[in-house]
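First up is the structure itself, then whatever we jot down about it.
Just so it is clear, the model here is predicted, and its values are computed rather than measured.
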Amino acid sequence: MIRYFLIFYLAVNAILFTKFNQFTYIEKFEDIKMLDRLPSKIYKTHLIQSIKEIKIKAPSEKSWNNNLISELAQSRYLNYGTNLKFDLIANEEYCIDTPKVIKIFNKNEEYFQLSSKYKKLYASNRGMPKNNCFKIINDSKLTVNFDVLSDKNYLSINNENIKISYNDVIKINPLLLLLFFLFIMLIINIYFLLSKRNNELYIL
Amino acid sequence: MSNIFKDKQFVLLISFAFLIRLSIIFLFLGHSDPDNSAGFIENLNNQQDPLGMPYSIFSHIFPYYFPEFFKIINIDYLKGLRIMSMLSEILLIFSISRLKIFNIKYLIYFVALNPFLILYSGFHGQTDLWAISFAILAISELNKKKIISPAFLFAFACLIKPMVVVSIFFFLTKNLRNNLKFLSVFILTCILPYILTFNFYIILKNLLLIFNYMFLTSKITTHVLWIFAEFTNKYSLILIILSIIFLKRYSDKTINHFVLILPIVILLKGGLASQYFSWLIPLLIFNLKVGIISSFIFSINYIFSYYNSFFANGEFSNINSFALNNRFFGDNVVLIPFDISTFNNIYLVLSNISMFLILANVIYFIYQKK
């Protein structure tokens, strides 16, 4: 058995090496700010000054990535909950603030972006810029996705709060659904495990 | 082993267990934790700083990178991670069966029908069970008086979740030569992935992150509330060390030590994220019927924990896990069925009941062994 796990371990390490080998590393001075607090006599010594000149290779900073989220990943966001649609007029700048995701599309192009708030949570660099603003060239449609019915859910377009109303939408109470699931599982567990008096089912 | 698959009822039940997990994976949006790892993997794929997860560099590849392979069959990363979690349940059955304590049929029934594990794999897709399973595999090898293979498998577990490293003391004996052998293989297995990055910055930053998460994380950043946490959290490190010494004296079986230390860490740290209930699974398996009944209370607590970030910080990240697939159900929104004070009261009571239940399970385990 151990042989298979060893091969697996080596395979994982091989992928690890390949992945980290592709990184672009940038040489930079590591600013160890703690050293600045040292008494000036010690701070000026050769040793401390030489530490301050240590250069390290760090991976390149996260940068704005223009790659749009793939079709497959989009399904994760737009195929759950509910989507509200709005019309956007050409050659205007829009600032859209919402908790989850938006999709902007017209005949020529399609953008799919995480909102800046969600992007932060997702640790992704694909998403709306910090100020949530962008400009469109053609008349477009905007889709905003929501999952949760709450007063705290919000949508603001150009600093104007839009009142969100859900028409013809199923409102689900997952708590009841999950408690029902637990009840069913309890009955199955009672039948197959808890009702058995003979310990042979459990212990060798 | 193959005989049990001739039992039609058994096969039907296993199929049901798979089906219910897959249904949750494909019908519900799921927990936001995998969103986070998806972001890190996205950065890894773009050759940009992927660091941020408080787990070792090795775990960035296994298990976190592996769900990327599911794209070949058109399954996205976040569903892939949850399917991987199902595989970790299978490894758990395999590893505990190698201890030769339990009937394999009981193990399969327990894991397949456990409500917490269904929710854990269905909604969450966490990686704790991988680490626990590898640690138990290491113990099963140790029982065969081997040294190298347990050291390697235990290192594998620590590389996935560094938290299990507290159990290392249970692998050490009075035989210094064996200890030296164990530690050499353990350290070598742990450092190889770091060496392969060939980058000092990545190594240092990753180790600092792990250290910060393991020792400095306080209960403020966590989900489950526990009334004794005010006291235990401050001294958790000392109390954990004392518990290790006590456990070594109480029993000579490594598996007993390992099964008990995980719930003890949860109790002493005083408030940990809800997925850490998975650390209790070995204890619940050992406690038979008491363990099965406890699983239901933990599951209710686990479900409520999804509402916590919404009421605490106004975040939708976990509560939107319950959003249904609108291709099958049409447009839908999730209702929040209580106000903040009702939720806080219920959650406080439930969390403390769960913590007392953990304590009860620990006491029951010790009583049973006596």
Side-chain angles (χ1 to χ4, degrees), chain A residues 2 5-6 9 12-13 15-17 19-20 22-25 56-63 65 72-73 75-76 79-83 99-100 121-126 146-150 152 166 168-175 178 182 185-186 188-189 192-194 200-204, chain B residues 29 32 35-36 39-40 42-44 46-49 52 57-58 61-62 65 71 74 76 78 100-103 105-106 109 113 115 149 152-153 156 192-193 196-197 199-201 288-289 292 296 299-300 303 314 316-317 319-320 322-327 329-337:
Chain A
I2 195 73
F5 282 117
L6 185 66
Y9 171 77
V12 172
N13 276 325
I15 300 170
L16 186 146
F17 172 72
K19 278 280 157 197
F20 280 90
Q22 288 171 1
F23 271 41
T24 324
Y25 292 106
I56 58 152
K57 280 182 179 177
S60 60
E61 293 288 316
K62 279 176 202 173
S63 59
N65 191 338
L72 197 58
S75 70
R76 154 82 176 161
N79 284 4
Y80 293 88
T82 187
N83 298 313
K100 201 184 166 193
L121 174 87
Y122 181 61
S124 170
N125 50 357
R126 293 178 194 186
F146 293 102
D147 292 323
V148 183
L149 183 59
S150 152
K152 290 180 183 175
Y166 305 98
D168 305 323
V169 165
I170 308 165
K171 289 172 185 150
I172 50 157
N173 185 348
L175 196 65
L178 288 164
L182 287 183
M185 289 315 296
L186 182 67
I188 297 173
N189 269 272
F192 285 100
L193 286 165
L194 294 167
E200 270 176 30
L201 172 75
Y202 302 109
I203 297 164
L204 274 179
Chain B
L29 180 66
S32 69
D35 275 1
N36 221 353
F40 289 116
E42 189 185 289
N43 289 326
L44 184 70
N46 290 321
Q47 290 102 52
Q48 291 182 340
D49 189 353
I57 285 293
F58 182 86
I61 306 298
F62 181 79
Y65 184 72
K71 281 184 181 168
N74 220 27
D76 66 48
L78 297 129
K100 299 204 179 344
I101 299 172
F102 297 107
N103 190 330
K105 202 169 176 180
Y106 163 64
Y109 273 176
L113 302 178
S149 52
F152 170 71
L153 289 165
F156 211 114
L192 181 69
L196 288 173
T197 63
N199 188 280
F200 176 69
Y201 173 85
L288 311 175
K289 289 179 182 177
I292 296 163
F296 282 88
S299 302
I300 297 173
I303 291 165
F316 302 101
S317 49
I319 193 172
N320 67 16
F322 301 128
L324 289 167
N325 193 320
N326 54 29
R327 275 189 297 175
F329 298 96
D331 277 359
N332 58 83
V333 285
V334 178
L335 282 170
I336 301 162

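Between the side chain of B:Asn36 and the main chain of B:Ser32, no donor-acceptor pair closer than 3.5 Å is present. A donor-acceptor pair is defined here as one N or O able to donate and one able to accept, closer than 3.5 Å; no such pair exists between the side chain of A:Asn189 and the backbone of A:Leu194.
Using a 4.5 Å cut-off between heavy atoms, B:Phe200 contacts chain A through its side chain alone, with no backbone atom that close. When heavy atoms are compared at a cutoff of 4.5 Å, B:Leu113 approaches chain A by way of both its backbone and its side chain. For B:Asn325, the parts lying near chain A are the backbone and the side chain together; criterion is any non-hydrogen pair under 4.5 Å. The contact between B:Leu288 and chain A is made entirely by side chain atoms (from C-beta outward), counting heavy-atom distances below 4.5 Å. Only the side chain of B:Ile292 comes within contact range of chain A, judged by heavy atoms closer than 4.5 Å.
Annotation for B:Phe329: atom CZ counts as buried by contact number, over 12 foreign heavy atoms lying within 6.0 Å. By the 6.0 Å contact criterion, NZ on B:Lys289 is enclosed, its count of non-hydrogen atoms from other residues, nucleotides or ligands being greater than 12.
By number of non-hydrogen pairs under 4.5 angstrom with chain A, the leading residue of B:Ile101, B:Leu44, B:Val333, B:Leu335 is B:Val333. Listed options A:Ile172, A:Val169, A:Leu149 were ranked by heavy-atom pairs under 4.5 angstrom with chain B; first place goes to A:Ile172. Note: B:Phe296 leads B:Tyr65, B:Tyr109, B:Phe296, B:Phe322 in heavy-atom pairs under 4.5 Å with chain A. Among the candidates A:Ile170, A:Leu193, A:Leu175, the residue making the largest number of heavy-atom pairs closer than 4.5 Å to chain B is A:Ile170. Counting heavy-atom pairs closer than 4.5 Å to chain A, the top-ranked of the candidates B:Asp76, B:Asn320, B:Asn326 is B:Asn326. When A:Ile15, A:Val12, A:Asn83 are compared by the number of non-hydrogen pairs under 4.5 Å with chain B, A:Val12 comes out ahead. For chain B, the option among A:Gly81, A:Pro99, A:Pro174, A:Ala58 with the highest count of heavy-atom pairs below 4.5 Å is A:Gly81. In terms of non-hydrogen atom pairs under 4.5 Å with chain B, the most contact-rich of A:Leu182, A:Asn173, A:Ile188 is A:Leu182.
Taking the side chain as every heavy atom from C-beta outward, B:Leu153 and A:Ile2 approach each other to under 4.5 Å. Side-chain contact between B:Asp35 and B:Leu78 is present, with at least one heavy-atom pair separated by less than 4.5 Å.
Residues satisfying the ring-ring contact (aromatic ring centres under 6.0 Å, His included) criterion with A:Tyr80, sequence neighbours excluded, are absent altogether. Under the ring-ring contact (aromatic ring centres under 6.0 Å, His included) criterion, A:Phe23 pairs with A:Phe20, A:Tyr25, not counting sequence neighbours.
Ring geometry for B:Phe152 against B:Phe156 counts as perpendicular: the plane angle is over 60°, on a 0 to 90° scale with 30° as the lower cut.
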